[in-house]
Amino acid sequence: MAQEKKFVEEITSMNEDFAQWYTDVVKKSELVDYSSVRGCMIIRPYGYAIWENIQRELDRRFKETGHENVYMPLFIPEGLLQKEKDHVEGFAPEVAWVTHGGQEQLTERLCVRPTSETLFCDHYKNVIQSYRDLPKLYNQWCSVVRWEKTTRPFLRTLEFLWQEGHTAHATAEEAQEETIRMLNVYADFCEEFLAIPVIKGKKTNKEKFAGAQETYTIESLMHDGKALQSGTSHNFGDGFARAFGIQYTDRDNQLKYVHQTSWGMSTRIIGALIMVHGDDSGLVLPPKVAPIQLVIIPVQQHREGVLEKAYELMNRLKGKVRVKIDDSDKMPGWKFSEYEMKGVPLRLEIGPKDIEKNQVVLVRRDNREKLFVSMDELEEKVLQALDTVQRSLYEKALEMREKKTFTARNFEEFSEIIEKTPGFIKAMWCGKRECEDNIKEKTGATARCIPFQQEKISDKCVCCGEKAETMVYWAKAY
RNA sequence: CGGGAUGUGGCGCAGCUGGUAGCGCGCGUGGUUUGGGACCAUGAGGCCGCAGGUUCAAGUCCUGUCAUCCCGACCA
């Protein structure tokens with residue numbers, strides 16, 4: 001790794017300046033462009049293709065678990081937004097308001113949705129009457145707006161794309177099951193599709209969603225040792241139902257409140273994809289999510305038969321893998337770097353020497369390993385290689401996370417880890433908000449989650465030293 | 001919202017004590033090249049972020065404003 005030649009000079013190296021590396025990568029790989037609107041980004045075709053793959057796969061998993069897609073309005077009347085107290089308070093500082101329609105001032109301001117709980121609730125109130133109407137398992141794909149102070153491509157923008165699931169159930173038990181079911185959908189999706197290992201757990205009261213009874217989360221760890229909340233699933237209990245009057249008549253002819261959940265994943269996950277797998281040459285995409293899984297680079301393409309052969313190979317692979325051929329008259333070396341920067345998992349080189357030997361050269365993006373493959377076994381070997389890359393990316397990411405996961409028994413250990421080797425810290429917590437605040441203030445780290453998989457690090461709270469039974473993952477976070 | 005930095009062809013930059021804009025890369029065309037970012041020739045492209053002001057004269061000085069990046073406080 002150390003003496004590996006750096007092929008691409010356009011990207012700042014990760015160790016030198018991680019933030020700059022990130023910006024270089026998203027720009028140079030053509031995922032996004034900055035727009036003339038402050039805090040908003042243009043998602044370019046290559047970036048949007050990644051999002052489309054994420055959408056397709058998530059949507060499939062949502063449908064598989066019985067959900068239906070709907071579309072809610074972009075605007076929320078002020079009165080509607082204010083119905084649930086905690087919810088408004090949580091979002092108030094970051095909503096954008098529409099005050100005028102054309103020349104005329106509106107009698108009631110409209111908020112540009114920062115999330116759609118209130119709209120779903122307002123609708124559920126109208127369409128739910130009987131226990132026979134339940135459950136309602138809705139999801140919507142849309143964009144939302146949150147007026148953030150500082151922004152970064154994918155990680156935090158004023159407008160971002162996401163999906164938000166909103167469900168209503170007859171009982172608290174069903175709502176809880178749904179909350180966990182969808183958390184698991186997210187976790188499996190991240191691990192299997194994006195090759196990103198995640199920690200599943202519950203948020204502390206301080207960190208939970210405005211208006212939720214419980215918030216569950218999957219947390220992943222980036223290359224710089226910062227954590228990124230990669231998906232959340234909330235159990236609302238009947239809090240929103242009471243605020244909005246969503247009641248149904250049960251079998252026993254009693255009026256009861258519904259129990260609700262919501263869950264979301266956003267384009268932010270693309271930021272995780274970049275920061276978990278990327279390296280100094282640019283993006284590294286797991287094959288399952290990569291818009292281009294294999295790029296064919298003809299070498300000495302002016303020579304007779306080379307291009308023909310390259311196209312023949314492409315046609316054989318079409319339909320089996322997402323394949324692209326680059327027959328532009330750029331130098332082969334230029335093309336190599338270009339597609340590495342874009343994170344294409346597999347490259348196929350084909351030139352006169354290969355044709356002579358009836359072979360092609362396959363090069364893995366993740367470790368640049370070269371495989372010489374007989375043309376007769378092309379399809380099989382390509383699929384095999386993609387599979388290998390997918391799995392080894394997951395393993396590498398897991399290894400990275402484990403290397404950056406530490407345990408702290410007391411505050412001194414905790415501070416030292418945060419300073420010297422940023423990453424996840426497993427430490428005991430007494431459950432008090434003051435300790436969370438204290439840790440945040442003194443170290444910058446926050447409670448990422450109370451993991452389902454508990455371990456006993458010690459008996460005492462890492463902060464106050466009093467009796468503790470809960471182990472918490474802490475980290476600095478995006 | 002505080003602290004710092006930066007806005008000049010598509011990108012990266014130069015432009016001193018004011019005198020009307022230049023370099024590299026990229027781009028177009030023709031040719032030679034092609035196994036890790038080729039070369040020659042030739043050509044196109046800029047009211048210097050925006051708005052005021054000072055001046056005979058502003059990319060350069062002054063004021064304001066907008067945007068971007070980095071570091072902190074708040075959030076997916």
Side-chain angles (χ1 to χ4, degrees), chain A residues 4-12 17-24 26-28 33-41 90-95 114-115 143-164 186 203 206-210 215 217-220 227-234 262-272 281 297-303 306-307 326-341 347-356 359-361 363 368 370 372 440-441 444 446 476-478:
Chain A
E4 200 172 275
K5 208 162 97 204
K6 200 175 167 221
F7 293 111
V8 179
E9 301 299 335
E10 295 178 30
I11 296 174
T12 308
D17 184 345
F18 193 81
Q20 190 58 48
W21 169 85
Y22 179 83
T23 309
D24 286 350
V26 295
K27 284 280 293 175
K28 298 283 162 48
D33 198 9
Y34 289 103
S35 74
S36 43
V37 189
R38 182 192 84 83
C40 294
M41 63 172 170
F91 283 100
E94 46 185 10
V95 293
T115 178
S143 75
V144 288
V145 168
R146 297 183 190 175
W147 217 260
E148 301 287 351
K149 309 226 166 106
T150 59
T151 58
R152 299 187 66 193
F154 293 118
L155 300 173
R156 178 163 300 114
T157 47
L158 295 200
E159 181 190 8
F160 59 91
L161 301 176
W162 77 345
Q163 63 59 223
E164 45 179 327
Y186 287 147
K203 284 288 188 191
K206 176 181 158 90
E207 300 285 332
K208 81 180 183 195
F209 181 81
T215 289
T217 178
I218 50 172
E219 298 284 325
S220 51
L228 191 138
Q229 179 176 305
S230 304
T232 46
S233 186
H234 317 287
S262 92
W263 25 274
M265 183 175 274
S266 73
T267 37
R268 195 182 209 201
I269 197 71
I270 296 174
S281 301
I297 313 253
V299 176
Q300 296 189 41
Q301 60 187 35
H302 61 289
R303 295 274 205 92
V306 173
L307 267 184
D326 187 343
D327 61 357
S328 68
D329 58 6
K330 299 247 166 52
M331 303 293 287
W334 192 93
K335 296 178 188 175
F336 295 167
S337 301
E338 189 67 14
Y339 292 98
E340 279 174 13
M341 206 145 72
R347 170 174 90 226
L348 186 155
E349 298 173 23
I350 171 94
K353 284 189 236 164
D354 303 305
I355 293 173
E356 218 172 276
Q359 67 167 28
V360 299
V361 184
V363 185
R368 291 210 175 84
K370 282 194 179 187
F372 298 88
K440 171 84 194 273
E441 193 189 321
T446 50
K476 288 195 183 179
Y478 274 98

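Quick note: numbers below take in every heavy atom, side chains included, and nothing from hydrogens, waters or symmetry partners. Quantities reported herein were computed from a predicted structural model and do not represent experimental measurements. Note on naming: letters A, B, ... go to the chains in the order of the sequence lines (proteins, then strands), and numbering restarts at 1 for each one.
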Under 4.0 angstrom, heavy atoms only, what part of the nucleic acid is [X] near: base, sugar-phosphate, or nothing?
X        : answer
A:Val37  : sugar-phosphate
A:Asp354 : base
A:Lys353 : base
A:Gly271 : nothing
A:Val361 : base
A:Pro298 : nothing
A:Leu228 : nothing

Interatomic distance where [atom1] belongs to [X] and [atom2] belongs to [N] [whole Å]:
X        : N     : atom1 : atom2 : answer
A:Arg38  : B:A67 : CZ    : C1'   : 10 Å
A:Gln359 : B:G35 : CD    : C1'   : 12 Å
A:Glu356 : B:G35 : CD    : P     : 17 Å
A:Tyr339 : B:G36 : OH    : C1'   : 15 Å
A:Glu94  : B:A73 : CD    : P     : 17 Å
A:Gln20  : B:G4  : CD    : P     : 20 Å
A:Arg303 : B:U32 : CZ    : P     : 15 Å
A:Asp329 : B:C27 : CG    : P     : 9 Å

Check whether any side-chain nitrogen or oxygen of [X] sits under 4.0 Å from OP1 or OP2 of [N], and answer yes or no.
X        : N     : answer
A:Arg146 : B:C74 : no
A:Lys440 : B:C74 : yes
A:Thr23  : B:C70 : yes

[Y] and [X], any side-chain heavy atoms less than 4.5 Å apart:
X        : Y        : answer
A:Lys27  : A:Pro153 : no
A:His302 : A:Asp329 : no
A:Met41  : A:Phe160 : no

If you take atom types as modelled and just measure distance, does the side chain of A:Glu349 reach the base of B:G36 with a donor-acceptor pair under 3.5 Å?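 No pair found.
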
What's the closest nucleotide to the side chain of A:Val299 if the choices are B:U68, B:C71, B:U34?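 Nearest to the side-chain atoms of A:Val299, counting from C-beta on, is B:U34.
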
Would the distance check show the side chain of A:Lys206 and the main-chain N or O of A:Thr446 forming a donor-acceptor pair, the cut-off being under 3.5 Å?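 Checking the backbone N and O of A:Thr446 against the side chain of A:Lys206, no donor-acceptor pair under 3.5 Å is found.
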
Look only at the side chain of A:Tyr186 and the backbone of A:Gly264, and say whether a donor-acceptor pair between them is shorter than 3.5 Å.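 Indeed, once roles are kept as given, a pair shorter than 3.5 Å links the two residues.
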
Assign each of A:Phe91 and A:Lys330 to its nearest nucleotide of RNA chain B by heavy atoms, then name whichever residue's nucleotide is nearer the 5' end.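 Residue closer to the 5' terminus by nearest nucleotide: A:Lys330.
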
Taking for each residue the nucleotide of RNA chain B with the nearest heavy atom, is it A:Tyr34 or A:Phe160 whose nucleotide lies nearer the 5' end?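 Checking each residue's closest nucleotide, the 5'-ward one belongs to A:Tyr34.
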
Does the side-chain ring of A:His302 sit on the six-membered ring of the B:U33 base, less than 5.5 Å centre to centre and under 30° in tilt?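 No, aromatic ring not over the base.
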
